[in-house]
Protein chains: 2
Amino acid sequence: MQPANLLTVISDQLPNLNCSESKVAAVILADPEAATRSSIANLARAAAVSEPSVNRFCKRFDTAGFPDFKLQLARSLASGIRFVSSSVDPGDDVTAYTSKIFDSTINSLAMVRDRISHERISQVVDKLVQAKRIYFFGLGASGAVARDAEHKFFRFNLPVSYHDDVLMQRMLAATGSAGDIFFIISHTGRTRELVEVAQAARAGGATVIALTAPQSPLAAACTLPFTVDVPENTDEYMPMSSRIVHLVMLDVLATGVTLRRGAEFLPHLERIKKSLQPTRFPAP
Amino acid sequence: MQPANLLTVISDQLPNLNCSESKVAAVILADPEAATRSSIANLARAAAVSEPSVNRFCKRFDTAGFPDFKLQLARSLASGIRFVSSSVDPGDDVTAYTSKIFDSTINSLAMVRDRISHERISQVVDKLVQAKRIYFFGLGASGAVARDAEHKFFRFNLPVSYHDDVLMQRMLAATGSAGDIFFIISHTGRTRELVEVAQAARAGGATVIALTAPQSPLAAACTLPFTVDVPENTDEYMPMSSRIVHLVMLDVLATGVTLRRGAEFLPHLERIKKSLQPTRFPAP
DNA sequence: CCCCCAAAAGGTAATAATATTTCATAAAAG
DNA sequence: CTTTTATGAAATATTATTACCTTTTGGGGG
């Protein structure tokens with residue numbers, strides 16, 4: 001959707017530029033941020049060329065003119081900064097690592113948002129709506145995700161549980177049958193235990209949905225793979241953002257199911273909400 | 001620090017705007033991308049106001065004028081943060097509710113990122129680094145957050161546990177003493193049980209940190225309130241994004257602690273990572 | 001209840017800033 | 001010695017800003 005980063009394009013084209021154009025390029029690449037703020041006269045002066053030269057430079061890069069060029073530049077800078085600064089260094093101070101972690105999480109979410117198959121979400125919601133019973137399975141960090149999922153799906157008035165105990169998972173999988181959904185959550189999709197659980201559940205005729213990495217053994221082993229591609233953090237200091245993405249995906253699924261249930265389901269939700277009131281101090 | 005997203009700022013200010021300013025805001029929010037491309041005359045016409053009104057609008061939002069405003073707008077658009085005006089409607093299709101949920105989550109994160117006190121993060125990290133023992137407490141959805149926190153903090157080689165059982169929480173709070181940290185997570189901060197637990201733990205000399213809403217009874221009851229202000233979703237269909245924000249805040253804290261521990265701590269983390277290898281299928 | 005004033009909001013038109021085009025000239029290539 | 005290409009000066013067009021004027025609004029006295 002977004003065209004290639006303007007700064008990259010400029011530096012790629014650097015050898016093909018003529019004298020005054022490359023002077024302009026040099027000034028812009030030296031401080032792109034400043035370039036977005038200056039006027040054409042300013043920039044021309046800084047590059048020691050005439051204003052029309054700057055204008056020609058802009059048009060060369062498929063922009064309508066100088067103002068449009070600045071706009072595009074600002075855009076590439078904004079998206080660029082966030083991608084570049086995504087890993088935490090040992091020397092980072094609070095401000096630095098805090099925004100890096102937030103930015104990288106936001107990026108993962110934005111990326112998945114733009115790439116996720118809505119078709120597939122629809123299919124998964126279909127299955128969940130028809131389910132007689134749902135099990136959420138996860139281990140380690142994904143155990144917490146499974147627990148959160150249970151907490152969201154119990155509202156739908158059907159038997160839902162989460163399990164982070166491999167033995168329980170195996171036993172439940174062995175007894176699964178048509179109408180049961182085993183919803184398996186795994187960051188890597190390569191955990192042997194979970195793959196075996198998926199196979200066992202499938203053998204019994206149950207539906208197995210896996211929220212996991214694409215092209216993983218787990219995705220291959222289930223009936224309906226629901227894969228999200230979250231760029232792997234190789235950085236030692238960086239937290240896994242796949243957990244977060246998984247949680248949001250489950251929010252989406254739960255919302256899909258709620259909408260499918262229709263408006264007559266709302267009083268039920270309202271009742272659940274009300275039930276918590278006595279446990280709380282009144283709102284200010 | 002990154003300035004707040006311009007679109008978010010505009011919609012925050014929406015109620016404080018006068019007639020023509022809100023007309024301008026409406027046009028911009030309806031199609032921000034188009035706004036970055038149009039001239040001031042164009043936009044004024046679209047909003048049925050005069051050009052100076054648009055200019056005044058721009059200055060109200062701390063920009064130098066219309067061109068600068070467009071630049072900032074372009075920047076906000078490129079940051080992966082998309083502005084979301086409406087919440088989920090019963091008539092929404094998959095595409096609509098999926099992006100609404102993602103966008104609203106991303107927005108909450110961006111908002112907290114720009115408003116959080118780094119000073120306070122630092123203080124909390126200080127406390128956590130010095131802890132002899134950490135308990136994470138949460139109920140309901142925050143129980144899953146507490147569980148995730150346990151999974152992140154156990155790496156630091158000190159006794160960490162999570163509890164979502166009120167009786168356990170009470171008993172542990174009663175036995176807490178200096179050097180213990182009770183880290184209480186609550187979306188509303190108004191759960192009576194948790195407030196009482198906080199008071200009990202504090203009475204015993206333990207440090208009580210609460211990740212919760214500002215100005216809540218829980219924030220008042222603890223030694224070190226660590227508040228995040230996540231706009232409340234009044235919408236029936238919309239999931240709570242505070243859970244996600246809390247998880248990311250805990251990521252930040254864990255990263256802070258890791259960095260404090262220094263490089264000699266990395267082999268320890270590496271060992272933990274290696275321990276999982278036999279449980280997995282090899283990576284492709 | 002009305003009138004008048006003050007303050008705020010909004011528009012018109014003049015002005016300033018900025019960008020673009022046209023055209024002339026100089027340098028390089030053929 | 002052309003022809004092409006690169007470049008800048010100046011004119012023009014576009015766009016934004018300012019200054020100033022009109023209308024509206026709301027709030028006390030008369």
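Keep in mind that this is a model prediction, so the values were computed, not measured.
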Next item on the list: With the side chain counted from C-beta on, respond yes when Leu253(B) and Val257(B) share a heavy-atom pair under 4.5 Å apart, and no when they do not.
Entry: no
Check: Would you call the rings of Phe61(A) and Phe69(A) parallel, tilted or perpendicular if under 30° counts as parallel and over 60° as perpendicular?
Finding: tilted
Next item on the list: Would you kindly give the CZ-to-P distance between Arg45(B) and dA16(D), to the nearest whole Å?
Entry: 12 Å
Item checked: Contacting residues from residues 49-59 of chain A, given that a heavy atom lies under 4.0 angstrom of DNA chain D -> Val49(A), Ser50(A), Pro52(A), Ser53(A), Arg56(A)
Next item on the list: Rounded off to whole Å, could you give me the CZ-to-P distance for the Arg37(B) and dT14(D) pair?
Entry: 20 Å
Notebook entry, point to check: Are Phe66(A) and Phe57(A) close enough, and set up right, to give a ring pair (Phe, Tyr, Trp, His ring centres under 6.0 Å), and what steps lead you there?
Noted result: CA-CA 9 Å; Phe66(A) 186 68; Phe57(A) 176 88; 9.5 Å; no
Note to self: Please report the distance, rounded to the nearest Å, between CG in Asp68(A) and C1' in dA19(C).
What the structure shows: 13 Å
Notebook entry, point to check: Are the side chains of Arg115(B) and Asp229(B) in touch, meaning some heavy atoms are under 4.5 Å apart?
Noted result: no
Next item on the list: Please report the C-alpha distance between Gln199(B) and Arg202(B) in whole Å, then the side-chain angles of each, then the deciding distance to 0.1 Å, and finally whether the side chain to side chain donor-acceptor pair (under 3.5 Å) criterion is met.
Entry: CA-CA 5 Å; Gln199(B) 285 160 342; Arg202(B) 220 177 144 183; over 6 Å; no
Next item on the list: Would you kindly give the CG-to-C1' distance between Leu17(A) and dA6(D), to the nearest whole Å?
Entry: 13 Å
Next item on the list: Could you tell me whether the phosphate oxygens of dA8(C), OP1 or OP2, come under 4.0 Å of any side-chain nitrogen or oxygen in Asn18(B)?
Entry: no
Checklist line | Interatomic distance, Ile40(A) CD1 vs dT18(C) C1' [rounded to whole Å] | finding: 8 Å
Next item on the list: Check the distance between dA16(D)'s P and Leu71(B)'s CG and give it to me in whole angstrom.
Entry: 12 Å
Note to self: What I want to find out is whether Glu33(B) reaches Arg75(A) closely enough, with some N-O distance under 4.0 Å, to be called a salt bridge.
What the structure shows: yes
Item checked: Ion pair Asp68(B)/Arg37(A), N-O distance below 4.0 Å -> no
Notebook entry, point to check: CZ of Phe66(A) versus P of dT21(C): gap in Å, rounded?
Noted result: 15 Å
What donor-acceptor contacts under 3.5 angstrom involve side-chain atoms of residues 277-284 of chain A, with partners at least two apart or in another chain?
from	atom 1	to	atom 2	distance (Å)
Thr279(A)	OG1	Leu276(A)	O	2.6

Note to self: Please evaluate residues Asp126(B) and Arg260(B) with respect to the criterion side-chain contact (heavy atoms from CB on, under 4.5 Å), reporting the C-alpha separation (whole Å), side-chain torsions for both, the decisive distance (0.1 Å), and the verdict.
What the structure shows: CA-CA 9 Å; Asp126(B) 279 345; Arg260(B) 232 21 120 61; 2.7 Å; yes
Item checked: Nearest-Å distance for atom pair CZ/C1', residues Arg60(B) and dT17(D) -> 19 Å
Checklist line | Proximity to DNA chain D (any heavy atom under 4.0 Å), residues of residues 19-31 of chain A only | finding: Cys19(A), Ser20(A)
